[in-house]
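One structure is given here, and the rest of the page talks about it.
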Amino acid sequence: MGFVLLPLIIIIITIALIIVFKAIKIVPESRVYIIEKLGKYDQSLESGLNFINPFFDKVSRVVSLKEQVVDFPPQPVITKDNATMQIDTIIYFQITDPKLYTYGIERPISAIENLTATTLRNIIGDMTVDQTLTSRDVINTNMRVELDEATDPWGIKVNRVELKSIIPPADIRSAMEKEMKAEREKRANILEAQARRESAILVAEGEKQAAILRAEAKKEQQIKEAEGEAEAILSIQKAKAEALRLLRESDPTAEVLALKGMETFEKVADGKSTKIIIPSNMQNLASMVTAFAELNEKQVNKPETK
């Protein structure tokens with residue numbers, strides 16, 4: 001009898017273990033298990049250890065709560081000035097309500113792609129080519145707001161929208177390249193003109209400084225020459241004053257003064273002057289000198305007496 005019950009007990013234990021293993025659900029971090037009971041939503045299992053009814057409950061869907069990135073292919077978009085642009089969009093979104101994400105819409109990623117294309121056409125349709133190329137931030141912000149509002153009933157939050165690339169038509173690209181080339185040449189010409197202007201200013205400034213230095217040097221030279229001449233005149237006057245002082249102190253006689261006057265007259269009458277004015281005392285001195293000469297000549301010519 002015991003040998004008959006043993007296999008039955010083993011089978012019962014095995015079935016019990018299988019039921020227990022099926023009842024235990026370990027949910028990883030950042031994951032949510034959607035549980036349905038008899039085909040109807042029952043609960044959402046958060047991360048950690050969970051238990052379910054293995055006979056009536058089943059895992060309908062595993063939802064990731066991590067932020068996800070979807071890169072959609074380029075979409076043809078017509079601008080306000082009738083130019084067809086190819087725009088590549090990247091969407092960053094996160095699931096905030098796993099139940100709404102599971103039961104709110106069928107194929108949510110495809111729905112987001114179509115919604116993105118529609119929203120992009122509406123926004124770009126009110127902008128020109130130049131505005132489209134220079135207003136990436138505005139487009140990104142407007143798209144994020146509209147997509148986030150549209151996907152909220154689906155349990156999806158759009159965190160960020162980025163325009164990966166904006167490709168204008170070939171003719172517009174060619175015109176833009178020519179415009180950029182002309183702008184670069186313009187900037188180069190402006191920089192060259194500014195360089196020449198600054199060079200001319202520096203040269204003129206250098207010439208100005210050189211002229212100022214030359215003028216200051218000439219001024220200093222003239223001042224030095226004038227100071228030298230003044231010192232020379234002062235030295236001569238001091239010498240003359242000293243000579244007169246010594247002459248007064250020696251108490252000269254009239255004959256000495258007359259001889260000094262003769263010496264002065266000789267210097268005056270050195271042939272360089274065309275007109276000489278002789279003072280009266282000099283005339284008297286000349287007469288006296290003549291008388292001395294005649295007297296001396298008589299003494300020489302007087303015959304000897306025997």
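What you see is a predicted model; the values in this text were computed from it and never measured.
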Mind checking the [atom1]-[atom2] spacing from [X] to [Y]? Nearest 0.5 Å is all I need.
X	Y	atom1	atom2	value
R214	E207	CZ	CD	8.5 Å
S64	Q94	OG	CD	8.5 Å
N50	I26	CG	CD1	9.5 Å
S60	Y33	OG	OH	13.0 Å
D42	K37	CG	NZ	5.0 Å
Q43	I52	CD	CD1	8.0 Å

Heavy-atom distance under 4.5 Å between the side chains of [X] and [Y], does that happen here?
X	Y	value
I109	R107	no
I95	Q68	yes
P169	Q86	no
T116	L147	yes
Q75	I87	no
I156	T96	no
I19	F55	yes
T132	M85	yes

Should we say atom [atom1] of [X] is surrounded by more than 12 heavy atoms from elsewhere, each under 6.0 Å from it?
X	atom1	value
E106	CD	no
I78	CD1	no
E29	CD	no

query: With the threshold set at 4.0 Å, does a side-chain nitrogen-carboxylate oxygen contact exist between D126 and K80?
result: no
task: Check step by step if side-chain contact (heavy atoms from CB on, under 4.5 Å) holds for F93 and D148.
output: CA-CA 9 Å; F93 69 93; D148 187 37; over 6 Å; no
field: Given V129, I139, T119, the one that forms side-chain contact (heavy atoms from CB on, under 4.5 Å) with I124
entry: I139
Working for side-chain contact (heavy atoms from CB on, under 4.5 Å), residues V161 and T89: CA-CA 7 Å; V161 178; T89 310; 3.8 Å; yes
Compare every heavy atom of [Y] with every heavy atom of [X], then report the nearest pair and how far apart it is.
X	Y	answer
P73	E113	CD-OE2, 3.7 Å
A150	P153	O-CD, 3.4 Å
R121	V77	CA-CG1, 3.9 Å

Is [Y] reachable from [X] through a run of hydrophobic residues whose side-chain heavy atoms are each under 4.5 Å from the next?
X	Y	value
M127	I167	no
L120	V70	yes
Y101	W154	yes
V62	V27	yes
V63	Y92	no

task: Would you please test R196 and E192 for salt bridge (Lys or Arg N to Asp or Glu O under 4.0 Å) and show each step?
output: CA-CA 6 Å; R196 289 198 297 267; E192 184 178 358; 3.1 Å; yes
Under the 3.5 angstrom rule, does the side chain of [X] hit a backbone N or O of [Y] as a donor-acceptor pair?
X	Y	value
N53	A23	no
R136	L163	yes
Q131	T128	yes
S30	L65	no

message: For E225 and Q221, which I'm curious about, is there any donor-acceptor pair between the side chains at under 3.5 Å?
response: yes
Between T79 and D81, a side-chain donor and acceptor under 3.5 Å: yes
query: Under the side-chain contact (heavy atoms from CB on, under 4.5 Å) criterion, do F51 and K25 qualify, and how do the steps go?
result: CA-CA 6 Å; F51 296 94; K25 293 295 179 183; over 6 Å; no
task: Would you sort out whether R184 and K181 count as a side-chain contact (heavy atoms from CB on, under 4.5 Å), showing the intermediate values?
output: CA-CA 5 Å; R184 286 194 296 268; K181 182 179 179 181; 4.0 Å; yes
